[in-house]
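I have placed the structure first, in the form of structure tokens, so that the comments after it can refer back to it.
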Number of protein chains: 2
Amino acid sequence: MGHEQGPAAGGRKGAAVDQARFDGATDLGQACRFCLRRGAALFRDLTDEELTRFGQMQIADLGFLPGEVLYRQGDPGQAVYMIRDGMVKLEQFLPDGSQRIVRLARGGAAIALEVLLDGDCEHQAVALQPTRVCRLPREVLLRIEGETPRLHRQLMAFWHASVSEADTWLTLLSTGSARTRVARLLLLLSEEGESFEMLSREDIGAMLGITTETASRTVAEFRRAGTLRPVGVRRFAVDRGALAGISGT
Amino acid sequence: MGHEQGPAAGGRKGAAVDQARFDGATDLGQACRFCLRRGAALFRDLTDEELTRFGQMQIADLGFLPGEVLYRQGDPGQAVYMIRDGMVKLEQFLPDGSQRIVRLARGGAAIALEVLLDGDCEHQAVALQPTRVCRLPREVLLRIEGETPRLHRQLMAFWHASVSEADTWLTLLSTGSARTRVARLLLLLSEEGESFEMLSREDIGAMLGITTETASRTVAEFRRAGTLRPVGVRRFAVDRGALAGISGT
DNA sequence: CGTGGCCTTGAAGTAAATCAACACCAGTGG
DNA sequence: CCACTGGTGTTGATTTACTTCAAGGCCACG
């Protein structure tokens, strides 16, 4: 399952490449047996027999590099994406041109669920890290759902995850001082694994509703305090205790 | 369908009465035929035959007065609530005791959907106006869902509405200056009907992530400018054009 | 070696929080 | 009836945190 990586999508922002770098069409059975191992599969409740039966359907297995766009706000809804690995930001644009990142999707998450309701894509999805996804065409999901009701519970679980994530952003990342918000964001980013890949100051700002300068200053402050220390290129480890204190928990 | 109204839930906040003022157990068929008229029914896709069949199940038809609590954060999930009329705020508490209102639910909305996944209630739901709801026990919904897959699409629509609402709050009500946020909130509140019932300054603050003082000052400013004018007790009408300008649309 | 993209940092200006006082009203009890 | 009370809203003065504007540093890349 190796994948070659080209240079990051270059050029001015907004003109990112919407193209897979490493991709292979695969059948549902394969894709899901992989996901099953990860314990967050959409089809975990399907029997082997069903997996085989639906295995004929073509599921695209795509890769995106940082900066590449999975889909844009307003795109006609064609497919749901399951994140297998990596990280994607979902952003929404306001009429005045400003934007806000409303969610991060990491491994195990489903995005663009709204297309199941015949809607257009409500966000723009952009990879923040090298990301692998399963692209599940709407028709495939709807057909499977029609045949095996067991899928519903899983779908609801993904909807629920979206709502919970959104609520978390409202309560944790949009409340309190800039310092507090950055601390809470770092806690979230670092909650799985020893270290994590730092986001751009601009993205941090767009997530927390603060300016990039304030984001920069706050991150710099945490670095000086030793609360945040570099452990590689763009990778950092945090002092969870200190951050928890700052975040008011 | 008359309902008596007692005095508002008195006493200190947080000790609100969790009790119905006007309630009548009814059967599913009745409840839904009412909701069907409103065009936002959970069961709209069920046939008459099915409605009658499930009609045996007892659905509670409850009423709440402003300040009364429908359920608390952490309560064991027992039922989903369909708002028939009125307005409910969903609030989430942070460990440090502060709170944030993450959503408003008005007529046609479903709240506490998370109990369908065997979870506890994730918010505290408090009526802001005299509110009528249908209380649908989890078992009832799950059983109906198991028998008629048509319910799924409706449920997904409600999940979707929750996510969309949350995203709106992030982009519209948690971004920009206090003035801008208040303007956008007033636009949302006034989007159906000529006038609307004003919220307390404290609630406005908890929705927008600003202090009650700032909320008060901004509302007062809009009143002085004539952008917001009183048309009754706690009821106001707005100059939508002016607000749209301020909100940057 | 230059160029452009991010990040950092400083100085100045400003919006909002904070602290504090008071007005207003409905309800309560003298 | 009036005086009291508590809750809510308003307003002012002050302080603080964040934005804004501006400059320069660092690094990957051509």
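So you know, we letter chains A, B, ... as the sequences are listed, proteins then strands, and number each from 1. This structure is a prediction, so every number in the text was calculated from the model and none was measured.
Within the 3.5 Å criterion, the main-chain N or O of B:Leu172 finds no donor-acceptor partner in the side chain of B:Thr175. The backbone N or O of B:Leu70 lies less than 3.5 Å from no partner atom in the side chain of B:Arg72, so there is not a single donor-acceptor pair. When atom types are taken as modelled, the side chain of A:Ser164 and the backbone of A:Ala161 share no donor-acceptor pair closer than 3.5 angstrom. Using modelled atom types, one side-chain atom of B:Arg100 and one backbone atom of A:Ser174 make a donor-acceptor pair closer than 3.5 Å.
Taking the six-membered ring where tryptophan is involved, the planes of B:Trp159 and A:His160 are perpendicular, since the angle between them exceeds 60° and thus also 30°.
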Summarise how protein sits on nucleotides 11-24 of chain D as a single string, 5' to 3': B when a protein heavy atom is under 4.0 Å from the base, S for sugar-phosphate-only contact, - for no contact.
BBB----SBBB---
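Regarding A:Glu202, its CD atom lies at a distance of 9 Å from the C1' atom of C:dC6, rounded to whole Å. Protein atom CD1 of A:Ile204 is 8 Å distant from nucleotide atom P of C:dC7, rounded to whole Å. Protein atom CZ of B:Arg223 is 10 Å distant from nucleotide atom C1' of D:dG9, rounded to whole Å. In this structure, the CE atom of A:Met198 is 14 Å from the C1' atom of C:dT8, given to the nearest Å. Whole-Å rounding puts the A:Phe222 CZ to C:dC7 P distance at 17 Å. Atom CZ in A:Arg234 sits about 12 Å away from atom P in D:dA28, given to the nearest Å. Going from atom CZ of A:Arg201 over to atom P of C:dT9 covers 10 Å, rounded to whole Å. C:dA15 atom P lies 15 Å from atom CZ of B:Arg181, rounded to whole Å.
The minimum heavy-atom distance linking B:Ala166 with A:Leu170 is given by the pair O-CD1, 4.2 Å.
Using a 4.0 Å heavy-atom distance criterion, B:Thr212 is classed as making no nucleic acid contact.
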